[in-house]
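Working notes, beginning with the structure itself.
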2 protein chains.
Amino acid sequence: MKPFDTHTKLLDVAEKLFAKNGFKGTSLRVITQEAGVNLAAVNYHFGSKERLIREVFRRRVGPVNQRRLEKLDRIEEKANIEGRNPELREILDAFIEPPIQLMNHPSGKAIMRLFSRLIIESKKEIAELFIDQFAEVVERFLQAFHRALPQFSQSELSWKMHFMIGAMAHAMAEPFRLKFLSQGLCDPSDVQATITRLIDFCQAGFLAPVSNPDSAEEA
Amino acid sequence: MKPFDTHTKLLDVAEKLFAKNGFKGTSLRVITQEAGVNLAAVNYHFGSKERLIREVFRRRVGPVNQRRLEKLDRIEEKANIEGRNPELREILDAFIEPPIQLMNHPSGKAIMRLFSRLIIESKKEIAELFIDQFAEVVERFLQAFHRALPQFSQSELSWKMHFMIGAMAHAMAEPFRLKFLSQGLCDPSDVQATITRLIDFCQAGFLAPVSNPDSAEEA
DNA sequence: TACGAATTCAAACAAACGTTTGATTGAATT
DNA sequence: AATTCAATCAAACGTTTGTTTGAATTCGTA
């Protein structure tokens, strides 16, 4: 296995360009050119452009969700031993920290934008990949939230999780937007600051009582 | 002015298709075909595809931001008369309600997805349009937040606003994601429920104290 | 060294893209 | 009735797209 074989080189370059210009906006020609390989390499190694897209995702999403579940495992184990429920803040950290931590990765910025594109992209095949990769995570964390906040129904917690995912995705995908908002005051590349503030914000959001219990669905 | 002249028909159809498949993913051929007009109509009426995109945005974003500012005006006026500062919840409502209210519009779903695409899209020209349309809104609301929450610095409020925008954009663009999260329990098309819950969540987030004041930037 | 499989390569493919053209229409103006 | 001009149309433009092909090359292994 060469240090920079064509296969991984393609994944790396595609990841960067997909993040920057989207999928339709990135042609196989610029990918292969920037990677310094032949145009036909994509179809040889991956079969098609769409399968390349899926591979780019799978390589990054899997490990992050794995880390989320590992952290949640450890939290629940520890809480179990101490005979208590996991604390909300611990659960939030397990959900938020692993993806944001990608900022420290060499291609962190691209990976994070890619993550948000995965959340946002509407294409059927991508949406299916999303469900595959996140079904277990969603289930486990909703469960954890419900134990930490038994006063809220499953559906209310889904709303809160919905908002949290949005805040995360936006913070990950559009760091420069924060620069614009704050007129240069804030530094979106500060990993720990981003994580801490996200958790602060979402923790309060999760704890917030719901105004109108009338239109609440069941759980 | 015919009831369905080519110009508005193109804007309507383009809006719908851009929202569903993105800009690169939507060809002029499918737009004109679905609109029942000639392929050349886009270049005749708008000059180019890119200018069509900009027109599609301008038509929707302008009025919403105008409503936001009107609501903020009224809130500040009323508070001024009563000799107090506007309340956080009022400000949040002025920022959140107008765009979410679009769900009641006939093409509400498309418009909302379009809004989020505007926030997310990285293309230079779109980003500039974003800044043009939002500069005043951002400035006015940051100011208002600062008066309502003087304990937080400008930069801390920017972080919070950053997260709020993410939660909004996600809730607007990906309502079906909430269906998935809640396994069908929640109804993302309930306008008032979405607004109320968003405000609840963000209100708490704004009020939340910041954990680590060390890495805080200045204001 | 020689063989077979894996990989890379230039070249070409059909299809789809945004855009332009020049003729044609149809309603308003003179 | 003649003129004008905005609007629409079919057709074609030159690129760019993802994909395929078949020969050339490289590599691991015997």
Side-chain angles (χ1 to χ4, degrees), chain A residues 1-59 114 117 121-129, chain B residues 1-59 114 117 121-129:
Chain A
M1 184 76 68
K2 284 167 285 180
F4 290 111
D5 57 36
T6 303
H7 192 87
T8 51
K9 185 83 182 170
L10 278 173
L11 286 176
D12 290 342
V13 173
E15 173 175 276
K16 192 181 74 177
L17 294 177
F18 284 155
K20 191 190 298 190
N21 303 319
F23 311 115
K24 291 268 183 186
T26 307
S27 73
L28 295 186
R29 278 174 174 79
V30 308
I31 293 176
T32 50
Q33 188 171 327
E34 181 140 335
V37 304
N38 188 269
L39 168 60
V42 168
N43 284 275
Y44 175 78
H45 284 279
F46 300 94
S48 69
K49 183 183 183 182
E50 197 204 297
R51 276 210 279 263
L52 169 64
I53 297 177
R54 284 221 292 268
E55 255 334 289
V56 166
F57 275 131
R58 201 187 315 279
R59 183 171 67 142
L114 205 70
R117 283 204 189 272
E121 193 65 27
S122 54
K123 283 278 278 159
K124 262 280 173 55
E125 307 79 16
I126 308 293
E128 287 168 7
L129 176 64
Chain B
M1 182 78 69
K2 284 168 285 179
F4 289 113
D5 59 74
T6 303
H7 192 88
T8 50
K9 184 82 182 171
L10 277 174
L11 286 176
D12 290 342
V13 173
E15 173 175 276
K16 192 181 74 176
L17 294 178
F18 284 155
K20 192 190 295 192
N21 303 320
F23 312 116
K24 292 267 183 184
T26 307
S27 73
L28 296 187
R29 280 173 171 81
V30 309
I31 293 176
T32 51
Q33 188 171 330
E34 181 139 335
V37 303
N38 188 269
L39 169 60
V42 168
N43 284 275
Y44 176 78
H45 285 278
F46 298 94
S48 69
K49 183 183 183 180
E50 198 204 296
R51 277 211 279 263
L52 169 65
I53 296 177
R54 283 222 291 269
E55 259 329 294
V56 166
F57 275 131
R58 202 186 315 279
R59 182 171 69 142
L114 204 69
R117 283 205 190 271
E121 193 66 26
S122 55
K123 282 279 277 162
K124 261 279 173 56
E125 308 79 16
I126 308 292
E128 288 168 8
L129 176 64

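Computed from a prediction, not measured in an experiment: that's the story for all the values here. So you know, we letter chains A, B, ... as the sequences are listed, proteins then strands, and number each from 1.
- To the nearest angstrom, C1' of D:dC13 lies 15 Å from CG of B:Leu28.
- Atom-to-atom, CG of A:Leu10 to C1' of C:dT8 comes out at 12 Å; the value is rounded to the nearest Å.
- Nucleic acid contact class of B:Thr26 (heavy atoms, under 4.0 Å, all strands): sugar-phosphate only.
- Nearest to the side chain of A:Lys49, among C:dA6, C:dT19, D:dT19, sits D:dT19.
- You'll find the ring centres of A:Phe57 and A:Phe18 outside the 6.0 Å limit.
- Going from atom NZ of A:Lys24 over to atom C1' of D:dT17 covers 10 Å, rounded to whole Å.
- The distance from atom CG of A:Asn43 to atom C1' of D:dT17 is 12 Å, rounded to the nearest whole Å.
- In this model, the phosphate group of D:dA7 is not approached by any side-chain N or O of B:Thr6 to a distance below 4.0 Å at OP1 or OP2.
- No side-chain donor-acceptor contact under 3.5 Å links A:Asp12 to the backbone of A:Glu15.
- With B:Thr26 contributing its side chain and B:Phe23 its backbone, the two residues share no donor-acceptor pair below 3.5 Å.
- Evaluation of atom-type donor-acceptor distances gives no pair under 3.5 Å for the side chain of B:Asn38 against the base of D:dA7.
- For B:Ser27, whose side chain is taken as the heavy atoms from C-beta onward, the closest listed nucleotide among C:dT8, C:dG18, D:dT17 is C:dG18.
- Note on B:Arg51 versus B:Glu55: no salt bridge recorded, every NZ/NE/NH1/NH2 to OD/OE distance being 4.0 Å or above.
- Comparing D:dT19, C:dG18, D:dA7 by their closest approach to the side chain of B:Arg29 singles out C:dG18.
- Of all nucleotides listed (C:dT7, C:dA10, C:dT21), C:dT21 comes nearest to the side chain of B:Ala40.
- Position along DNA chain D of the nearest nucleotide to B:Gly36 versus B:Leu39 favours B:Gly36 as the more 5'-ward residue.
- Atoms CG (B:Asn21) and P (C:dC17) sit 11 Å apart, rounded to a whole Å.
- Straight-line distance from the NE2 atom of A:His45 to the P atom of C:dT7: 6 Å, rounded to whole Å.
- Between the CD atom of B:Gln33 and the C1' atom of C:dA16 there is a distance of 13 Å, given to the nearest Å.
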Q.
Evaluate B:Thr6 against B:Asn38 for side chain to side chain contact (heavy atoms under 4.5 Å, CB included), listing each step before the verdict.
A. CA-CA 9 Å; B:Thr6 303; B:Asn38 188 269; over 6 Å; no

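- Going from atom CZ of B:Arg51 over to atom C1' of C:dT19 covers 12 Å, rounded to whole Å.
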